[in-house]
Amino acid sequence: GELLNTYKGHTNDKYRVGACFSCHDEWVITGSEDAAIYIYDVVNAKLTAKLEGHRGCVTAVDHHPTDSALVSVATDGTLRIWTARSS
């Protein structure tokens, strides 16, 4: 295969930090050692959102297979469920 994109902004030095694609493959979602979740546009690699709420390294993220929701787990011992805001 070939490298399609590089996504920068999240930190990953000490812990294993997970990443996933959104349900329609439009975003790459990563955990980060700065306690945030980063959401990047899969095509242009631009940061589209940064979710904050954990107090420790976000080690795992997973997107719901059909809905606009994701789950995250951090070293602070919390599991959080995130949903898209209605406008």
Side-chain angles (χ1 to χ4, degrees):
E2 68 180 90
L3 177 65
L4 298 177
N5 247 330
T6 301
Y7 304 89
K8 297 182 180 182
H10 61 287
T11 57
N12 182 228
D13 294 318
K14 290 186 350 185
Y15 292 91
R16 180 178 177 193
V17 172
C20 67
F21 288 102
S22 61
C23 63
H24 299 295
D25 295 336
E26 69 265 60
W27 302 306
V28 173
I29 304 163
T30 71
S32 181
E33 290 182 4
D34 65 359
I37 298 163
Y38 289 76
I39 303 175
Y40 302 93
D41 182 285
V42 75
V43 175
N44 64 25
K46 290 186 180 179
L47 182 66
T48 60
K50 181 179 175 183
L51 305 177
E52 298 175 311
H54 286 288
R55 293 178 184 228
C57 174
V58 179
T59 56
V61 293
D62 200 9
H63 199 277
H64 190 279
T66 58
D67 293 335
S68 295
L70 64 100
V71 63
S72 59
V73 178
T75 58
D76 61 7
T78 62
L79 178 146
R80 295 185 183 266
I81 298 174
W82 308 80
T83 59
R85 285 190 181 149
S86 301
S87 25

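Just the heavy atoms: all of them, side chains too, but no hydrogens, waters or symmetry mates, feed the values below. Being a predicted model, the structure only gives us computed values, none of them experimental.
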Novice: Please collect all salt bridge (Lys or Arg N to Asp or Glu O under 4.0 Å) contacts where either partner lies in residues 52-79, sequence neighbours excluded, each pair once.
Specialist: K50-E52
Novice: Could you pull out the closest heavy-atom pair between A74 and G56, with the gap in Å?
Specialist: CB-O, 3.7 Å
Novice: With sequence neighbours excluded, what pairs up with I81 under the side-chain contact (heavy atoms from CB on, under 4.5 Å) test?
Specialist: V71, L79
Novice: Between T75 (side chain only) and C57 (backbone N and O only), is there a donor and an acceptor less than 3.5 Å apart?
Specialist: yes
Novice: Of all residues at least two apart in sequence or in a different chain, which pass the side-chain contact (heavy atoms from CB on, under 4.5 Å) check with A69?
Specialist: H64, T83
Novice: For the pair S32 (side chain) and T11 (backbone), establish whether a donor and an acceptor sit closer than 3.5 Å, ignoring hydrogens and angles.
Specialist: yes
Novice: Would you name the heavy atoms of C23 and P65 that are closest together and state the gap between them?
Specialist: CB-O, 3.2 Å
Novice: Would you say that V58 contacts L51 through its side chain, given a criterion of any heavy-atom pair below 4.5 Å between the two side chains?
Specialist: no
Novice: Taking the side chain from T48 and the backbone from I39, do they hold a donor-acceptor pair closer than 3.5 Å?
Specialist: yes
Novice: Once side-chain contact (heavy atoms from CB on, under 4.5 Å) is applied, do any residues pair with S22, and if so which ones, sequence neighbours excluded?
Specialist: E26, W27, I29, H63
Novice: Which other residues belong to the hydrophobic cluster containing V42, where Ile, Leu, Val, Met, Phe, Trp and Tyr are joined when side-chain heavy atoms lie under 4.5 Å apart, directly or via other members?
Specialist: Y7, F21, V28, Y38, Y40, V43, L47
Novice: Taking all heavy atoms of A19 and all of T30, pick out the closest pair and write down the distance.
Specialist: CB-CG2, 3.8 Å
Novice: Is there a path of hydrophobic side-chain contacts, each under 4.5 Å between heavy atoms, that joins V73 and L70?
Specialist: no
Novice: Going by the side-chain contact (heavy atoms from CB on, under 4.5 Å) test, name the single residue among T59, T78, D34 that passes it with H54.
Specialist: T78
Novice: Quick one: hydrophobic cluster around L3, which other residues, with the 4.5 Å side-chain cut-off, linked directly or via members?
Specialist: none
